[in-house]
Protein chains: 2
Amino acid sequence: MASGVDSFYFLSLGFSLLQVVKCDCMKMVRQKIQIKKIDNLTARQVTFSKRRRGVFKKAQELSTLCDAEIALIVFSATGKLFHYSSSSMMQLIERHRGLSENSDKLGQPSLQLLKENNSYAMLSKMLVDKTRELRQLMGEELQGLDMDELIKLEKMVDGGLNHVVEAKNDKCLKEISLLKKKESKLMEENAKLKKQAEKSEGTGNGIEQSNSSDCTSNSRGSDTSLRLGLPFAN
Amino acid sequence: MASGVDSFYFLSLGFSLLQVVKCDCMKMVRQKIQIKKIDNLTARQVTFSKRRRGVFKKAQELSTLCDAEIALIVFSATGKLFHYSSSSMMQLIERHRGLSENSDKLGQPSLQLLKENNSYAMLSKMLVDKTRELRQLMGEELQGLDMDELIKLEKMVDGGLNHVVEAKNDKCLKEISLLKKKESKLMEENAKLKKQAEKSEGTGNGIEQSNSSDCTSNSRGSDTSLRLGLPFAN
DNA sequence: CTCTCTATGTATAATTC
DNA sequence: TGAATTATACATAGAGA
């Protein structure tokens, strides 16, 4: 209540000031347009270009924000094609066909088409089911479940989590031990080479060559080892 | 120039007034949202339904204003279909097919069938993918994943688990409070009946009957309440 | 056709019922 | 669910380059 009154006063004040300003120096007063074909060709083209971009943007946003699949096809008055689809246009179109009313009307005896549509619809349904299952595992769309089902679901997800963590830890340990092995092997090799280099120090020119060639041939291995090793803080 | 300055003052004044008003009685401050999947399921559904309507409206307006032909297909995350087309969906789709890719025309008589089979195969593939995803969430078929993927998977499953547990706890608490309410109501009733029974004690045979019948009819409710209440140690 | 700029119309996020 | 409300963010008409 109070807020309504307050903002009303504010708006009144705003508008009256605006009016004053307007009388002094404003020329453009944007009209509220009505939705019917724009007469002026140029204006129509400009509007088409602007609004087309707007619609495509909105479609993309909807697809991203809400995890929806969208296909959008636009033909300009001159026949130019613009289109967008969040995934595969063809797939979306076919899915649309499969789900919306019978695509081939008038008793078309296309048995094969019928069959395909049928099994297509079935496949589609399976996909929907799987998707819902997936979403429930991710903790969404849970409102229809009762306590027993929720507990069962929790156990499933918990079990899954355990498996994943286990697999992760295994992989982690394996990678670590593998890298440690590589490390010690390389250190060994390194030490050997250093010794060799010390021996040949007397000749005076063997150092550079052997060092550089060794480095290049081994650098990939040791680099990888170090890079991968760091995150585990060992 | 002058207009710019004027309107700037106006805006300043407006905003400062607005701030004052805000401090007094405004609560809602709309945030600028970023375009990425909305986490909260309810919010996502609400946004989907709002923005979907918005996109469809924009599409219609574009079609009317600029004499364009438009087809729009939207699948919600749950697989529900929404669509619009300014003329015939089929016709637009066919036109799109004809123009978008002239890959294999000329003498291919089963072009349509081919494409349908194609998308059928694609749907099949999607199903396979979803199934694998499902199995991975359950902690199976993990051997192909590297550390990064495993960590990502763990986070996903963990998040899912949290959601499920949360939903379960909510449901549980709700059931408990409902049952407690029932319990107290029944106890009240019970006490009343007991009093009544005491009054009629003079008759000599009313007590037993009323007590026993109350207990049996209420035992299920209170038992459930106790059993469900225990895990939360309250 | 594209881009910019500004003032405005419109869509919509957040919230309540 | 769906329907309001409100304040804000965003889209876009109109004009010019």
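For clarity, every value in this text was computed on a predicted model and none was experimentally measured. Here is how names work: the chains are called A, B, and so on, in the same order as the sequence lines, proteins then strands, and each is numbered from 1.
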Which of residues 56-77 of chain A have a heavy atom under 4.0 Å from DNA chain C?
Lys58(A)
Tightest non-hydrogen contact, residues Tyr84(B) and Met89(B), listed as O-CE, 3.6 Å
Please find the pair of heavy atoms, one from Ile73(A) and one from His83(A), that lie closest to each other, and give the distance.
CA-CB, 4.2 Å
Taking [atom1] from [X] and [atom2] from [N], how many angstroms apart are they, rounded to a whole number?
X: Asp39(A); N: dA13(D); atom1: CG; atom2: C1'; answer: 15 Å
X: Lys32(A); N: dT8(C); atom1: NZ; atom2: C1'; answer: 12 Å
X: Gln34(B); N: dA9(D); atom1: CD; atom2: P; answer: 15 Å
X: Asn40(A); N: dA13(D); atom1: CG; atom2: P; answer: 13 Å
X: Ile33(A); N: dA15(D); atom1: CD1; atom2: P; answer: 14 Å

Going from CG on Leu127(A) to NZ on Lys125(A), what distance comes out if it is rounded to the nearest 0.5 angstrom?
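Here the rounded value is 11.0 Å.
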Using a 4.5 Å cut-off on heavy atoms from C-beta on, say whether the side chain of [Y] contacts that of [X].
X: Leu65(B); Y: Ile35(A); result: yes
X: Thr47(A); Y: Ile33(A); result: no
X: Met138(A); Y: His163(B); result: no

Given the structure, check if the side chain of Arg30(B) and the base of dT12(C) hold any donor-acceptor pair shorter than 3.5 Å.
yes
Check DNA chain D against residues 41-51 of chain A and give the residues with a non-hydrogen atom under 4.0 Å, in numerical order.
Thr47(A), Lys50(A), Arg51(A)
So among Ser87(B), Ser86(B), Ser88(B), Ser85(B), which one has a side chain to side chain donor-acceptor pair (under 3.5 Å) with Glu69(B)?
Ser87(B)
Can you tell me which stems involve DNA chain C, if a stem is defined as three or more consecutive Watson-Crick or G-U wobble pairs, both distances under 3.5 Å?
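Looking at DNA chain C, the stems formed by three or more consecutive pairs are C:2-17 with D:2-17.
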Please check if the side chain of Lys171(B) supplies one atom and the backbone of Leu145(A) the other of a donor-acceptor pair under 3.5 Å.
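Between the backbone of Leu145(A) and the side chain of Lys171(B) there is a qualifying donor-acceptor contact (under 3.5 Å).
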Donor-acceptor pair, distance only, cut-off 3.5 Å: does the side chain of Gln60(A) make one with the backbone of Lys57(A)?
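Checking the backbone N and O of Lys57(A) against the side chain of Gln60(A), no donor-acceptor pair under 3.5 Å is found.
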So Arg52(A), base contact, sugar-phosphate only, or nothing? Heavy-atom distance under 4.0 Å.
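Contact class for Arg52(A): none.
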I'd like to know if Arg132(B) pairs up with Asp129(B) as an ion pair, taking the criterion as any Lys NZ or Arg NE/NH1/NH2 lying under 4.0 Å from an Asp or Glu carboxylate oxygen.
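A salt bridge links Arg132(B) with Asp129(B).
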Taking atom types as modelled, find out whether Thr131(B) and Arg135(B) have a side-chain donor-acceptor pair closer than 3.5 angstrom.
no
